[in-house]
Amino acid sequence: MFGKVHRVLKRTGSFWLNIGDAYNKKNLLGLPWRVALAMTDQQRWILRNSIVWNKVKGGPDNAIDKLRNVHEMVFHSSRHPRATTMTWTRRVKAPGSARVINGVVVSATGVSGVRYRRQIELSTLLNEIEKKNAVEALSAVLLDVREGRISDFRMIIRGQQRTTHSDSERVSGRARELQEKGFYFLKYHPNGSK
């Protein structure tokens with residue numbers, strides 16, 4: 001299949017392939033590297049980079065006899081050894097950086113925390129202690145944005161936003177955190193996911 005891409009790709013072009021793995025009868029197949037090596041051996045691709053996409057908090061896995069898979073491979077290949085290489089990491093990291101506008105910290109994508117603060121105040125599903133803790137945690141995250149430790153974030157508040165991945169406390173640590181604390185954060189590092 002990728003032979004056709006190789007045939008029509010410009011001499012200076014690049015090909016990026018993101019591929020996960022699979023199991024057959026509880027045996028991990030090693031598909032990403034099998035595909036990458038077949039491309040180089042049989043289709044004359046030049047493998048330029050192999051990148052591990054660390055998904056950090058990947059989807060839930062109910063298996064009890066293996067670890068959860070939290071990464072996928074991304075392969076960068078070209079037709080020609082002198083092909084132009086784009087800086088992939090600059091393409092996938094969070095856009096821009098945080099800034100302070102009129103004394104308010106604004107994340108790379110425009111999150112200032114004002115909406116979250118209002119949702120906390122108006123929540124009927126958080127008790128007063130949970131509201132106090134949520135406001136304090138939000139202030140700490142905004143300080144992290146201001147000081148460049150993270151570039152962006154999302155706050156998930158009980159009853160306000162949908163939980164990511166799974167609502168099951170048995171499967172998801174985030175769902176458990178939402179139930180216990182009433183909120184959690186998704187934080188984005190300036191150089192990519194964190």
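Here, residue 1 is the first one in the sequence, and each next residue gets the next number.
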* F2 and L17, any side-chain heavy atoms less than 4.5 Å apart -> yes
* Asked: So which heavy atom on S78 is nearest to which on G13, and how close?
  -> CB-O, 3.6 Å
* Indicate if L9 and I19 have the same hydrophobic cluster label, given that clusters are the connected sets of ILVMFWY residues with side-chain heavy-atom separations under 4.5 angstrom. => yes
* Asked: If you look at every heavy atom in G113 and L138, which pair is closest and at what distance?
  -> O-CD2, 3.6 Å
* **Member of R48, H76, R79 meeting the side-chain hydrogen bond (donor to acceptor under 3.5 Å, both in side chains) criterion with S14** => H76
* To the nearest 0.5 Å, how far apart are CG in L178 and CD in Q160? -> 10.5 Å
* Asked: S139 side chain to V135 main-chain N or O, any donor-acceptor pair under 3.5 Å?
  -> yes
* **side-chain hydrogen bond (donor to acceptor under 3.5 Å, both in side chains) involving K132 - partner list, sequence neighbours excluded** => E136
* Tell me whether F185 is reachable from I150 by hopping between hydrophobic residues (I, L, V, M, F, W, Y) whose side-chain heavy atoms are closer than 4.5 Å. => yes
* Hey, does the side chain of N18 reach the backbone of V74 with a donor-acceptor pair shorter than 3.5 angstrom? -> no
* Asked: With distance as the sole test, does Y116 use its side chain to make a donor-acceptor pair with the main-chain N or O of M155 at under 3.5 Å?
  -> yes
* Quick one: CH2 on W33 to CG on D21, what's the gap to the nearest 0.5 Å? -> 12.5 Å
* Taking C-beta and beyond as the side chain, do S77 and M39 meet within less than 4.5 Å on heavy atoms? -> yes
* Asked: Roughly how far apart are Y184 OH and I156 CD1, rounded to 0.5 Å?
  -> 4.5 Å
* Structure fact -> For G159 and L125 the tightest heavy-atom approach is CA-CD1, 3.5 Å
* Asked: Do Y23 and K66 have side-chain heavy atoms sitting under 4.5 Å apart?
  -> yes
* To do: Of all the heavy-atom pairs spanning F183 and A137, show the shortest one and how long it is.
  => CE1-CB, 3.5 Å
* **Reported CD-to-NE2 distance for the pair Q43 and H6, which is rounded to 0.5 angstrom** => 8.0 Å
* Asked: When rounded to the nearest 0.5 angstrom, what is the spacing between CD1 in I46 and NE2 in H80?
  -> 7.0 Å
* Partners passing side-chain contact (heavy atoms from CB on, under 4.5 Å) against A22 (at least two apart in sequence or in another chain) -> L29, L31
* To do: May I ask whether V35 and L28 are part of the same hydrophobic cluster, defined by side-chain heavy atoms of I, L, V, M, F, W, Y residues being less than 4.5 angstrom apart, directly or through others?
  => no
* Looking at K131 and I120, what are the two nearest heavy atoms and their distance? -> CE-O, 3.4 Å
* Under the side-chain contact (heavy atoms from CB on, under 4.5 Å) test, which residues partner E130, sequence neighbours left out? -> L126, N127, R158
* Closest approach of M73 and S50, non-hydrogen atoms and distance? -> CE-CB, 4.0 Å
* Verify whether the ring centers belonging to W45 and F15 lie closer than 6.0 Å. => yes
